[in-house]
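Note sheet for the following structure.
Both backbone and side-chain heavy atoms feed into the values below; hydrogens, waters and symmetry mates do not. So that the names make sense, note that chain A is the first sequence line, chain B the second, and so on, each numbered from 1.
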2 protein chains.
Amino acid sequence: MNSRRAKSDGDGDRPVISRRRISESTIRRLSIYYRALSALEGEGYHTVSSKDLARREKLTPAQVRKDLSFFGSFGTRGLGYPTKELKTRIAAILGVDQTWNVGLIGAGNIGSALVSYKEFQKQGFVINAIFDNDQRKIGSNHKGIVISDIKDLAAEVKKRNIQIVVIAVPAAAAQQACDVAVEAGIKAILNFAPINLKVPNGVTLRTENMAMEIEYLSFTLTNHMRPIPT
Amino acid sequence: MNSRRAKSDGDGDRPVISRRRISESTIRRLSIYYRALSALEGEGYHTVSSKDLARREKLTPAQVRKDLSFFGSFGTRGLGYPTKELKTRIAAILGVDQTWNVGLIGAGNIGSALVSYKEFQKQGFVINAIFDNDQRKIGSNHKGIVISDIKDLAAEVKKRNIQIVVIAVPAAAAQQACDVAVEAGIKAILNFAPINLKVPNGVTLRTENMAMEIEYLSFTLTNHMRPIPT
DNA sequence: TAATATTCGTGAATGAATTCACGACGTGCC
DNA sequence: GGCACGTCGTGAATTCATTCACGAATATTA
Ligand SMILES: NC(=O)c1ccc[n+]([C@@H]2O[C@H](COP(=O)([O-])OP(=O)(O)OC[C@H]3O[C@@H](n4cnc5c(N)ncnc54)[C@H](O)[C@@H]3O)[C@@H](O)[C@H]2O)c1
Ligand SMILES: NC(=O)c1ccc[n+]([C@@H]2O[C@H](COP(=O)([O-])OP(=O)(O)OC[C@H]3O[C@@H](n4cnc5c(N)ncnc54)[C@H](O)[C@@H]3O)[C@@H](O)[C@H]2O)c1
């Protein structure tokens with residue numbers, strides 16, 4: 001197991017990743033493992049093998065082991081992975097072992113749904129500012145949060161130490177909202193508008209494109225295809 | 001393991017789509033092209049080259065051409081693709097040149113947002129039934145649609161010719177809702193609950209997992225990584 | 001303690017997706 | 001028409017991701 005990681009084995013710290021490029025798919029699967037481990041912990045399992053995890057999430061054992069091996073060596077041969085500890089380790093890798101302050105731009109349909117969504121908060125993503133440009137909404141109270149003018153975004157970001165911004169405005173306004181967030185120093189943006197936003201280097205953008213998902217469904221229905229497992 | 005060769009047997013599907021396996025990424029990019037072409041058409045472009053499309057959506061020209069080539073040969077050498085016609089062709093491939101009847105299970109936060117979402121309807125995805133198991137909601141009118149008891153799902157699916165079901169119930173109830181839909185003969189499901197649903201062969205399931213996206217963001221923030229372009 | 005059964009971790013092999021590179025074909029201009 | 005140029009379509013090369021397969025380490029049982 002003499003891996004090429006030069007780092008001496010004193011790890012009790014946050015793992016140093018970088019070096020090797022981790023694929024997007026691996027990171028997404030980490031989220032999957034994290035949720036599975038939470039469930040398994042609740043079901044009383046103290047250890048779990050790559051085989052168990054794989055079967056549960058429709059993956060292969062080798063994939064599970066390979067993914068985890070990018071970040072360290074967490075298992076015990078002959079036994080498997082310690083459920084609770086692996087969950088903790090993955091939480092640290094994903095950064096969900098801490099609280100993130102989230103700002104929401106756009107207090108409309110989807111924005112309201114997100115504010116009411118408890119799971120995000122439980123995972124450590126706390127919406128503590130909402131921005132809009134509609135004067136009728138600004139100043140009103142939305143689930144305990146007063147809606148701010150988007151013009152005050154930079155100031156609020158600083159004041160509340162906001163690290164992530166969610167964009168939930170109409171597509172036509174999304175690039176503008178994005179620019180405001182970037183200008184305020186935001187490095188991570190989750191976008192719900194169905195367009196390709198431009199962000200400078202160093203800013204991570206993820207776009208949640210529901211149209212794409214439902215069009216995938218109509219494609220399979222139209223072409224009588226076998227589904228590709230998610 | 002995949003016994004579905006499905007090749008070489010002359011049984012022709014309706015469209016000219018090659019029987020080669022089209023990758024999921026290609027289909028997702030088709031959605032991207034479709035939206036880009038709609039925009040380009042609005043901007044008055046009569047033709048568009050793979051280079052233009054690629055630059056606009058941060059892809060490579062070769063990728064665009066390769067994707068399209070799986071479905072036919074739509075371009076003119078030396079000139080590019082005819083915007084309007086290519087859009088029409090992609091619409092037919094994706095199946096967005098027709099209307100799909102969509103049933104929504106779960107009239108909560110996210111469900112309400114979806115019902116209010118005009119874009120889906122414009123794209124031909126029309127929600128014309130809503131199901132819930134909360135007696136206080138059943139029978140009430142939600143944006144012009146009367147909420148039905150989930151027990152009546154099979155009957156409504158038949159009556160309204162529903163082809164796609166959207167699941168927007170709490171994770172704990174999602175598998176049950178899914179089973180009801182499958183039992184009613186539904187072949188395409190869009191799931192918003194953050195769990196891995198089990199569906200039989202022949203049913204396409206897509207899961208919109210927002211937790212995964214936001215965890216990806218916290219991963220990049222935590223590890224000071226370069227974003228991977230979406 | 002020894003023998004057997006598991007399961008991890010990881011290089012190597014395989015498979016899939018993307019990019020390259022070039023011939024074919026079309027346009028536009030003189 | 002002939003030439004210069006642009007762009008498609010596509011097999012080949014390349015890059016990237018997944019799976020295989022096996023040695024090493026640990027657990028379990030007698
Ligand atoms: N509603 C859905 O279910 C759904 C689903 C998928 C994607 N989306 C996308 O999410 C986005 C929002 O959708 P919605 O249905 O919530 O829309 P909405 O119209 O209900 O809400 C948009 C909000 O953004 C505000 N806004 C507009 N321009 C702004 C600006 N420049 N700065 C700040 N705030 C501004 C509006 O005042 C409004 O409150 C859209 O891009 C939509 O395509 C929505
Ligand atoms: N709210 C969000 O922004 C958001 C974001 C991402 C994912 N989600 C997911 O979407 C799902 C719904 O979230 P929500 O916030 O809308 O929840 P919600 O509690 O507001 O709504 C859920 C609805 O489902 C109904 N329901 C419950 N059990 C049912 C059953 N067995 N059959 C039929 N109907 C049933 C409830 O009566 C309620 O109307 C959850 O799985 C959640 O994790 C929500």
Distance, rounded to the nearest Å, where A/L59 contributes CG and D/dA17 contributes P: 16 Å
Whole angstrom value for the distance that separates C1' of D/dT15 from NZ of B/K66: 14 Å
Contacts of B/Q176 that satisfy side-chain hydrogen bond (donor to acceptor under 3.5 Å, both in side chains) - sequence neighbours left out: none
Atom-pair distance (CZ on A/R29; C1' on D/dA17), nearest Å: 8 Å
Whole-Å gap separating C1' (D/dG9) and CG (B/L86): 14 Å
Pairwise salt bridge (charged side-chain N to carboxylate O under 4.0 Å, His left out) hits with a residue in residues 175-198 of chain B, at least two apart: none
Non-neighbouring partners of A/Y81 that pass side-chain hydrogen bond (donor to acceptor under 3.5 Å, both in side chains), sequence neighbours left out: none
Nucleotide-resolved protein contact map, nucleotides 1-8 of chain D, B/S/- at heavy-atom distance under 4.0 Å: -----BBB
Pairwise distance CG(A/L94) to CG(B/L221) - rounded to 0.5 angstrom: 12.0 Å
All side-chain hydrogen bond (donor to acceptor under 3.5 Å, both in side chains) counterparts of A/K122, not counting sequence neighbours: A/E119
Whole-Å distance separating the CZ atom of B/R28 from the P atom of C/dT18: 12 Å
Set of residues satisfying side-chain hydrogen bond (donor to acceptor under 3.5 Å, both in side chains) with respect to A/E41, sequence neighbours excluded: A/K87
Separation of D/dC16 C1' from B/Q63 CD (nearest whole Å): 13 Å
Interatomic distance where CD belongs to B/E24 and P belongs to D/dC16 [whole Å]: 20 Å
Under 4.0 angstrom between B/S25 side-chain N/O and C/dA17 OP1 or OP2: no
Rounded interatomic separation in angstrom, taking CG from B/D67 and C1' from D/dG9: 13 Å
